[in-house]
Amino acid sequence: MFLLVFFILISHSSANSVFDFCVANLSLPNGPEGYACKDPKRVTADDFVYSGLAIPNNAKNSSSSIPFLQTVETTQFPGLNGMGISIARGQLKVGEIVPIHIHRVCEVLYVIEGTIGAAFIDTNNTAYYKTLNKGEMIVFPPALMHFPFNVGSIPALTYSTFASENPGRQFVNNALFGGKLPSDLVEKITLLDHAQVQKLKKIFGGTN
Ligand SMILES: *[C@@H]1O[C@H](CO)[C@@H](O)[C@H](O)[C@H]1NC(C)=O
Ligand SMILES: *[C@@H]1O[C@H](CO)[C@@H](O)[C@H](O)[C@H]1NC(C)=O
Ligand SMILES: *[C@@H]1O[C@H](CO)[C@@H](O)[C@H](O)[C@H]1NC(C)=O
């Protein structure tokens with residue numbers, strides 16, 4: 001019986017039981033298992049350290065298109081490859097909002113400074129909303145629409161962790177109005193009229 005359990009555990013374990021780490025070689029293609037590994041003989045301690053968040057508002061060094069959101073994923077920090085975790089920092093001015101979006105995996109958002117309104121909507125369209133004070137955190141379940149925003153009177157600072165080194169980040173408005181989905185289809189699925197869709201396509205950079 002013990003042997004059987006042992007065998008099942010072994011057969012279900014991932015590639016991580018074979019390799020201690022797999023620092024990404026970013027010049028090789030990305031795939032479902034992440035990037036292929038950098039030559040282990042050329043791995044150094046620096047591969048497991050990322051210093052980009054030491055610089056405030058370092059949004060240029062981020063895979064996010066939102067200026068006040070700095071994401072740290074494999075492309076910024078190749079040591080995260082295969083680790084199933086990543087981090088992001090939000091620096092929100094008074095009243096600022098991260099537009100409604102989804103990730104493939106769950107997120108824990110932790111408030112370091114300020115007061116954050118945080119909401120998510122489940123697949124039954126039930127909305128969950130809370131005000132979070134400094135030191136409090138919320139979990140956003142995987143693949144559900146959510147958004148944090150600064151409801152306080154001072155700039156807010158948040159850190160989020162994600163259960164993937166490549167969590168994905170899809171903004172709902174950009175998905176609908178930022179791409180090349182033809183306007184007549186966007187009108188059908190949103191019930192907005194032609195002028196409204198044109199206006200939103202202009203804001204979000206969509207064509208067609
Ligand atoms: C990364 O992959 C490229 C292309 O195969 C290879 O030339 C290079 O040596 C690799 N770098 C490391 C550090 O393993
Ligand atoms: C991004 O951050 C990394 C790690 O600190 C650094 O090596 C790299 O030069 C930075 N790139 C830019 C464009 O700031
Ligand atoms: C789904 O939403 C409806 C209306 O908002 C609510 O009455 C119902 O309890 C919800 N069901 C579940 C399983 O959450």
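Counting convention: from 1, in listed order, for ligands and their atoms alike.
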> Backbone N or O of Gly82 within a donor-acceptor pair of the Glu165 side chain at under 3.5 Å?
Replying inline: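 Side chain of Glu165 to backbone of Gly82, a donor-acceptor pair under 3.5 Å: yes, one is there.
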>> Between Thr44 and Asp46 (side chain of the first, backbone of the second, donor and acceptor by atom type, cut-off under 3.5 Å), is there such a pair?
In response: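 Such a contact is found between Thr44 side chain and Asp46 backbone.
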>> Students should find this: residues with any non-hydrogen atom under 4.0 Å from ligand 3. What is the answer?
In response: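 Residues near ligand 3: Asn124, Thr126.
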> Stepwise, does the side-chain hydrogen bond (donor to acceptor under 3.5 Å, both in side chains) test hold for Asn25 with Tyr35?
Replying inline: CA-CA 6 Å; Asn25 181 338; Tyr35 284 91; over 6 Å; no
Which of the numbered atoms in ligand 1 are below 4.0 angstrom from a heavy atom of [X]?
X	value
Asn25	1 (C), 2 (O), 3 (C), 8 (C), 10 (C), 11 (N), 12 (C), 14 (O)
Ser27	1 (C), 2 (O), 3 (C)
Leu28	2 (O), 4 (C), 5 (O)
Asp39	12 (C), 14 (O)

> Centre of Phe162's six-membered ring, under 6.0 Å away, within 45 degrees of the axis: is that where NZ or CZ of Arg169 sits?
Replying inline: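 Yes, Arg169 and Phe162 form such a contact.
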>> Measuring from atom CG of Asn166 to atom OG1 of Thr75, what distance do you get when rounded to the nearest 0.5 angstrom?
In response: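 Result: 7.5 Å between the selected atoms.
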> Looking only at side chains, do His103 and Gln170 share a donor and an acceptor under 3.5 Å apart?
Replying inline: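 Absent: no donor and acceptor within the cut-off.
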>> Any nitrogen or oxygen of Lys38, side chain or backbone, less than 3.5 Å from one on ligand 1?
In response: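 There is no such contact.
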> Quick one: salt bridge (charged side-chain N to carboxylate O under 4.0 Å, His left out) partners of Lys199, sequence neighbours excluded?
Replying inline: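 Per chain and number, Lys199 pairs via salt bridge (charged side-chain N to carboxylate O under 4.0 Å, His left out) with no residue.
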> Where do Glu187 and His194 come nearest, in terms of heavy atoms and distance?
Replying inline: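 Closest heavy-atom pair between Glu187 and His194: OE2-ND1, 2.7 Å.
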